[in-house]
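First up is the structure itself, then whatever we jot down about it.
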Amino acid sequence: MLTSSLAYQRCVNPGCQATFDVGQTLTACEHCGDLLDIQYDWSQARVPARLSDFEQFWGQRSDPLRLSGVWRFRELLPFAPTKFLVTVGEGQTLLQAADQVAKFVGMNAGGLHLQYEGMNPSGSFKDNGMCAAFSHAYMTGAKRAACASTGNTSASLAMYCSVTRLMKAVIFIGSGKISYGKLSQALEYGALTVQIAGDFDDAMARVREVSQDLGIYLVNSVNPFRLEGQKTIMLRVLESLRWRVPDWIVVPGGNLGNSSAFGKAFMELHELGLIDRIPRLAVINAAGADTLYQLFERRRLRWNKGQPDSGRIAEYYEDMTQRGSKADTIASAIEINRPVNLTKCLRALEWMNGVVRRVSDQEILDAKAQVGAGGIGCEPASAASVAGARMLRQEGIIAPSETVVCILTGHQLKDPTATVAYHTTDQDKFNEVLGSRGVTRASFANRAIAVPNELDAIVRAIQMYS
Ligand code: F0G
């Protein structure tokens with residue numbers, strides 16, 4: 001029996017479609033083990049007739065739930081009563097036309113937009129999903145919440161726990177695998193931090209076991225409520241474009257939560273008649289963590305009406321195990337070889353006529369330098385989107401006249417080590433941090449100038465360089 005007929009959980013496998021109450025805490029279908037979606041009976045929801053109707057709430061910013069860039073769209077994710085909705089002011093993000101970056105990518109002026117999700121309170125897009133999962137955890141009476149993380153999910157969870165004091169955060173991280181910006185957040189916000197001798201994929205496997213054994217609420221993106229929150233990134237993109245649908249959404253791919261959520265968002269908007277066309281999706285892997293690329297582009301794995309070839313996936317994973325292959329990229333946020341949302345992402349790629357590309361660490365860092373030169377900046381993983389857009393432009397798949405939105409998933413300050421190494425004059429530092437990743441040049445470096453502590457020399461240097 002479902003306690004709510006408005007919202008319920010449903011298995012994504014069309015051959016199963018088992019449904020579960022919205023009040024249950026699940027990360028997989030109890031019948032077939034597949035992923036779960038949140039579904040709505042839209043006839044019972046108060047969905048506006050037009051997307052522009054959301055503008056009527058702009059004047060209600062003194063209400064924290066209408067200030068929130070997630071909950072101001074709550075009519076499109078109505079899974080919890082208002083009294084359980086938690087906000088820390090997430091989603092005050094910016095979509096900006098970036099003409100210098102457009103030039104680098106090969107787009108016409110005005111055609112390339114950057115969606116700065118690093119402007120969220122914990123510095124990454126994760127807050128969009130975390131406030132939704134956290135609200136669901138609160139609704140179910142959870143006292144502890146856990147995640148495995150490459151750093152941003154853990155920072156976000158730790159922040160929601162420390163600001164609200166509603167739960168204790170337990171985070172699992174791979175040893176030496178997360179950047180200091182992210183680790184410092186979790187530590188300072190008081191999360192119980194468990195460092196596993198292994199990488200993200202190991203930590204993810206363990207946190208699933210532990211949360212099951214100890215009954216701890218799991219907030220990784222296998223949690224379908226996370227993805228409901230992440231749908232709103234697309235709503236804000238549309239809002240910033242004054243409800244015009246772009247041609248392309250380009251997003252880095254790690255655990256594939258964003259790409260899955262974006263697909264769901266556009267399908268729902270289309271079904272509700274709120275948009276008349278769906279943009280194309282490009283998911284960009286780092287070359288050192290390219291499972292989706294290998295499966296989708298090389299082995300032609302497809303959603304296939306909900307029956308993707310599981311044998312082909314198992315074979316690929318077994319081969320990785322045999323080879324002892326571990327994800328390896330400077331974009332540590334997406335250093336993931338076993339993405340938990342793989343099948344949902346295949347569905348999004350189908351719905352959005354998507355493509356997948358892989359970009360090298362060199363391409364990522366050059367794109368990152370271009371983004372940073374335009375101000376605000378992003379962390380390495382985020383720049384994969386811009387590097388990927390450039391590649392698709394060069395291949396002629398994206399036309400210069402199209403409208404492209406690249407999602408910048410995390411803030412520049414998350415990973416200063418990579419940034420400083422790129423711009424450094426110290427060759428040893430460069431080699432240590434970047435050379436080991438196959439990065440050989442820093443074409444867009446802005447190098448500091450070294451001067452003696454003498455007024456004349458300082459003045460001469462400034463005159464020479466400015
Ligand atoms: N960009 C950043 C900055 C991220 O932190 C992540 C994921 C991604 C992209 C990939 O997003 O998983 O939706 O495909 N970070 C997770 C974490 C894994 O633990 O913080 P995805």
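Remember, it's a predicted structure, so these values are computed and weren't measured experimentally. Atom set for the values below is all heavy atoms of this structure, side chains included, hydrogens, waters and symmetry mates excluded.
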Got a sec, which pairs hit salt bridge (Lys or Arg N to Asp or Glu O under 4.0 Å) with one end in [range], sequence neighbours left out?
{"range": "residues 133-149", "value": "none"}
{"range": "residues 221-238", "value": "Glu117-Arg236, Glu228-Lys231, Glu228-Lys264, Lys231-Glu268"}
{"range": "residues 382-396", "value": "Arg357-Glu395"}
{"range": "residues 169-179", "value": "Lys177-Glu335"}

- Is the shortest distance from a Lys or Arg side-chain nitrogen in Asp34 or Arg10 to a carboxylate oxygen in the other one below 4.0 Å? no

- Would you mind checking if Asp202 and Lys326 are paired as a salt bridge, meaning a charged N to carboxylate O distance below 4.0 Å? yes

Compare all side-chain heavy atoms of [X] with those of [Y] and state whether any distance is below 4.5 angstrom.
{"X": "Leu76", "Y": "Leu235", "result": "yes"}
{"X": "Leu77", "Y": "Val70", "result": "yes"}
{"X": "Ser382", "Y": "Ile407", "result": "no"}
{"X": "Val251", "Y": "Ile284", "result": "no"}

Between the side chain of [X] and the main-chain N/O of [Y], is any donor-acceptor distance below 3.5 Å?
{"X": "Ser135", "Y": "Leu85", "value": "no"}
{"X": "Asn220", "Y": "Val222", "value": "no"}
{"X": "Thr193", "Y": "Ala191", "value": "yes"}
{"X": "Thr150", "Y": "Ile334", "value": "no"}
{"X": "Asp199", "Y": "Gly174", "value": "no"}
{"X": "Asn285", "Y": "Gly253", "value": "yes"}
{"X": "Arg299", "Y": "Gln294", "value": "yes"}
{"X": "Ser179", "Y": "Lys414", "value": "yes"}
{"X": "Gln212", "Y": "Glu209", "value": "no"}
{"X": "Asp127", "Y": "Ser122", "value": "yes"}

Checking side-chain polar atoms at under 3.5 Å, does [X] have a donor or acceptor matched by the opposite partner on [Y]?
{"X": "Glu363", "Y": "Ser360", "result": "yes"}
{"X": "Thr329", "Y": "Asp361", "result": "yes"}
{"X": "Asn341", "Y": "Ser221", "result": "yes"}
{"X": "Gln230", "Y": "Asn258", "result": "yes"}
{"X": "Thr19", "Y": "Gln9", "result": "no"}
{"X": "Gln370", "Y": "Asp366", "result": "no"}
{"X": "Thr419", "Y": "Lys368", "result": "yes"}
{"X": "Glu379", "Y": "Asn152", "result": "yes"}

- Message: Is it the case that over 12 heavy atoms from other parts of the model lie below 6.0 angstrom from the CZ atom of Arg323?
- Response: yes

- Over 12 foreign heavy atoms within 6.0 Å of CZ, Arg206: no

- Under the ring pair (Phe, Tyr, Trp, His ring centres under 6.0 Å) test, residues paired with Trp243 that sit two or more places apart: none

- Query: What pairs of residues pass the ring pair (Phe, Tyr, Trp, His ring centres under 6.0 Å) test when at least one of them lies in residues 112-156, not counting sequence neighbours?
  - Reply: Phe84-Tyr138, Phe134-Tyr160, His136-Tyr217, His136-Phe225

- Which residue pairs pass the ring pair (Phe, Tyr, Trp, His ring centres under 6.0 Å) test with at least one member in residues 256-305, sequence neighbours excluded? none

- Could you tell me if the ring centre of Phe444 sits under 6.0 Å from that of Phe104? yes

Excluding sequence neighbours, so at least two apart, what forms side-chain contact (heavy atoms from CB on, under 4.5 Å) with [X]?
{"X": "Ser385", "result": "Val250, Pro252, Cys406, Leu408"}
{"X": "Ala287", "result": "Arg358"}
{"X": "Thr87", "result": "Pro64, Leu65, Ser68, Trp71, Glu90"}
{"X": "Gln44", "result": "Ser5, Leu6, Asp41"}

- State the CG-OG distance between Asn120 and Ser156, to the nearest 0.5 angstrom. 8.0 Å

- Message: Once side chain to side chain donor-acceptor pair (under 3.5 Å) is applied, do any residues pair with Ser259, and if so which ones, sequence neighbours excluded?
- Response: none

- Which heavy atom of Cys11 sits nearest a heavy atom of Cys32, and at what distance? SG-SG, 3.4 Å

